[in-house]
Amino acid sequence: MTHLESQDPLVYQTIAHEVERQNFGLELIASENFVSKSVLQAQGSIFTNKYAEGLPGRRYYGGCEFADTVEELARQRARDLFQCDWVNVQPHSGASANAAVYLSCLKPGDSFLGLDLAHGGHLTHGSPVNFSGIWFNANYYGVDTDGRINMDQVREKAIKVKPKLISIGASSYSRDFDYQAFRSIADEVGSLLWMDMAHPAGLIAAKVLNDPLPYAHIVTTTTHKTLRGPRGGMILIGRDFENPFGKVAPKSGRVRKMSELLDSAVFPGMQGGPLVHVIAAKAVAFNEALQPEFVNYALQVQKNSAIMARSFMDQGYDVVSGGTDNHLVLLDLRNKNITGKDAEIALQSAHITVNKNMIPFEERSPFVTSGIRLGTAALTTRGFKETDIQDVVHLIDRVILAPSDESVRNQVKKDIHALCETYPLYDFVLA
Ligand SMILES: *Cc1c(COP(=O)(O)O)cnc(C)c1O
């Protein structure tokens, strides 16, 4: 980055500081990961200059021959990775992929059913402050006191609400989903089934978790969480089907496929030009995820989160649902006399990055909360194994037991620096 350094030292300096922060902090935010050098290079490429509205072979601009090739690569690799009929790799983010689903399936005021935000759901699944809750009639199912989704409750709610769309997926739910049970409920009430696999996509690609594609009509994801690609979104369909809304193609008059509705919801419905540089980086990341090593990565992520949950429980912590199936662990800190907010602040000052998180049946505000959410996807990318994760749990425990003790904090920071030096991350970025 010598050019940037001399041309714009202020921006260069912030990047240099961020490199330092990522290299020498413990990254435990469950939605984050570290991309490869190849992903960074593709995303930093001159494809950022290109306008390519439309789809490969059907663009509104000239000069798209290489944009077409790279988007086709991304699409083919995504189809191979998830063994599905159709994919759209253009959504700029998980939220815009989800917006395209709403635009395709619902009209303002229509009812849908999703997981309660306070029980692990996402803002785009009907939060009152998100378009999904503002424009549509959002209804929720939740988890039981054991922290798991109760399928009988989902069915009861679905029969009562008669939603046009049922969503699965969460941002702080540590258990796998029973897609077959969801599908039979959707079929019973005549609803479409949509899985938002933003968090576990990488583990699903590696087949270490249940596969939603045979059961959900539509699947959305981010590409930057466990899938370890650039920041972005994607929509997939396992087996394409005639859209149930009877929408016809303008010229032929035939009923359009669901994939066609989603394609036009992304563009021109939701977005303008696609981010071709990000699509190039998605292609690179999908290829990485197709390699056999990625399965080892996913298995290690799972092993690491399992040992994390067990170690916390051994230290007397309450882990929501009593464990984890995926990459994340949700801690209920009420018996530790600290709020999620204060835990987040104390851990941050010791260079441990986590986020405060609501726990099921939360009594505190979303700005305070009683829990923290931890994920192992990023540390596993660095090379952390089970014994390292046990060390990490002890470091977290020391901070949480003495949140304002400066000597504890300084010792923890030193230990973390040493751990991070064992697993170097980005030595190349500033080269
Ligand atoms: C992260 C996440 C999203 C949103 O992704 P962005 O890229 O931040 O817009 C959507 N749904 C779920 C379940 C998520 O966890």
CA sep, side-chain torsions, deciding dist, call: Asp397, Tyr317, side chain to side chain donor-acceptor pair (under 3.5 Å): CA-CA 9 Å; Asp397 182 46; Tyr317 285 80; 2.6 Å; yes
CA sep, side-chain torsions, deciding dist, call: His394, Gln315, side chain to side chain donor-acceptor pair (under 3.5 Å): CA-CA 8 Å; His394 285 113; Gln315 301 288 322; 2.9 Å; yes
Verdict with supporting geometry, Ser31 and Arg373, side chain to side chain donor-acceptor pair (under 3.5 Å): CA-CA 10 Å; Ser31 45; Arg373 186 187 68 160; 3.2 Å; yes
Residue pair Tyr423, Phe384: steps toward the ring pair (Phe, Tyr, Trp, His ring centres under 6.0 Å) verdict: CA-CA 7 Å; Tyr423 299 107; Phe384 281 55; 4.8 Å; yes
Test log, rule side chain to side chain donor-acceptor pair (under 3.5 Å), inputs Gln22 and Glu18: CA-CA 6 Å; Gln22 293 192 16; Glu18 178 64 10; 2.8 Å; yes
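Side-chain atoms of Arg175 and Ser321 include a donor-acceptor pair closer than 3.5 Å. Residues Glu71 and Gln90 have side chains that bring a donor and an acceptor to within less than 3.5 angstrom of each other. When only modelled atom types and interatomic distance are considered, Asp80 and Gln76 share a side-chain donor-acceptor pair under 3.5 Å. A donor-acceptor pair shorter than 3.5 Å cannot be found between the side chains of Asn33 and Arg228. At a cut-off of 3.5 Å, with distance as the only test, no side-chain donor of Gln348 or Glu344 sits close to an acceptor on the other residue. For Thr124 and Asn130, the side-chain atoms include no donor-acceptor pair closer than 3.5 Å. There is no side-chain donor-acceptor pair under 3.5 Å between Asp176 and Asn326. Between the side chains of Ser370 and Glu363, no donor N or O sits under 3.5 Å from an acceptor N or O. Side-chain polar atoms of Asn357 and Thr369 form no donor-acceptor pair below 3.5 angstrom. Side-chain atoms of Gln180 and Arg183 form no donor-acceptor pair, as typed in the model, at a separation below 3.5 Å. When only modelled atom types and interatomic distance are considered, Tyr141 and Asn150 share no side-chain donor-acceptor pair under 3.5 Å. Defined by atom type and a distance below 3.5 Å, a donor-acceptor pair is missing between the side-chain atoms of Arg231 and Thr223.
Using modelled atom types, no side-chain atom of His125 and backbone atom of Gly121 make a donor-acceptor pair closer than 3.5 Å. At distances below 3.5 Å, at least one donor-acceptor pair connects side-chain atoms of Thr222 with backbone N or O atoms of Ala198. Using modelled atom types, one side-chain atom of His224 and one backbone atom of Gly232 make a donor-acceptor pair closer than 3.5 Å. Thr422 places a side-chain N or O within donor-acceptor distance of the main-chain N or O of Ala418, the cut-off being under 3.5 Å. Judged by distance alone, the side chain of Thr381 and the main-chain N or O of Ala377 form a donor-acceptor pair under 3.5 Å. Here the side chain of Ser191 pairs no donor or acceptor atom with the backbone of Ala186 at under 3.5 angstrom. At least one donor-acceptor pair closer than 3.5 Å links the side chain of Arg382 to the backbone N or O of Cys420. A donor-acceptor pair is defined here as one N or O able to donate and one able to accept, closer than 3.5 Å; such a pair exists between the side chain of Arg77 and the backbone of Ala283. Under a 3.5 Å cut-off, the side chain of Ser174 and the backbone N or O of Gly323 do form a donor-acceptor pair. Listed for the Gln153 side chain is no donor-acceptor partner under 3.5 Å among the backbone atoms of Ile149.
Annotation: the span from Arg75 atom CZ to Leu55 atom CG amounts to 5.5 Å, rounded to 0.5 Å. Taken to the nearest 0.5 Å, the CG atom of Asn23 stands 8.0 Å off from the CZ atom of Phe34.
The neighbour count for Lys341 NZ, taken as heavy atoms of other residues, nucleotides or ligands under 6.0 Å away, does not exceed 12. Heavy atoms from other residues, nucleotides or ligands lying under 6.0 Å from NZ of Lys207 number more than 12.
Using a 4.0 Å cut-off between charged side-chain N and carboxylate O, Glu406 and Arg409 make no salt bridge. Here Arg398 pairs with Asp415 in a salt bridge; the nearest charged N to carboxylate O distance falls below 4.0 Å. Salt-bridge formation is detected for the pair Glu188/Arg155: a Lys NZ or Arg NE/NH1/NH2 atom is positioned less than 4.0 Å from an Asp or Glu carboxylate oxygen.
Minimum heavy-atom separation, Ala265 to Leu103: O-CD2, 3.8 Å. Across Ala281 and Val39, no two heavy atoms sit closer than the pair CB-O, 3.6 Å. Here the closest heavy-atom approach between residue Ala402 and residue Val408 is recorded as CB-CG2, 4.2 Å. Of all the heavy atoms in Gln43 and Pro230, the pair that sits closest is OE1-CB, 3.2 Å. Contact detail for Met308 and Leu28: the closest heavy-atom pair is CE-CD2, 3.7 Å. Heavy-atom minimum distance, Val284 versus Ala42: CG2-CB, 3.9 Å.
Using a 30° and 60° split on the angle between ring planes, Phe112 and Phe136 fall in the perpendicular class, above 60°. Classified by interplanar angle (parallel below 30°, tilted 30° to 60°, perpendicular above 60°), the ring pair Phe294/Tyr297 is tilted.
Using a 4.5 Å cut-off on side-chain heavy atoms (C-beta onward), Thr387 and Ile389 make no contact. Taking the side chain as every heavy atom from C-beta outward, Lys37 and Leu40 never approach each other to under 4.5 Å. Taking the side chain as every heavy atom from C-beta outward, Leu331 and Val320 never approach each other to under 4.5 Å. A heavy-atom distance below 4.5 Å is found between the side chains of Asp211 and Ile204. Between Ser111 and Lys164, every side-chain heavy-atom pair lies at or beyond the 4.5 Å cut-off. When side chains are defined from C-beta on, Ser259 does not count as touching Asp85, because their heavy atoms never get closer than 4.5 Å. Using a 4.5 Å cut-off on side-chain heavy atoms (C-beta onward), Ile338 and Pro403 make contact. Between His199 and Leu328 the shortest side-chain heavy-atom distance falls below 4.5 Å.
Of the residues listed (Ile166, Leu113, Ile159), the one engaging Ile185 in a side chain to side chain contact (heavy atoms under 4.5 Å, CB included) is Ile166, and it is the only one. Among the candidates Tyr173, Phe361, Tyr140, the single residue satisfying the ring pair (Phe, Tyr, Trp, His ring centres under 6.0 Å) test with His119 is Phe361. For the side-chain hydrogen bond (donor to acceptor under 3.5 Å, both in side chains) with Thr380, the qualifying choice from Thr226, Asp388, Asn304 is Asn304, the only one to do so.
Aromatic pair Trp194/Tyr102: centroids less than 6.0 angstrom apart. Proximity of the aromatic rings of Phe241 and His217 is defined here by a centroid distance below 6.0 angstrom, and this criterion is met.
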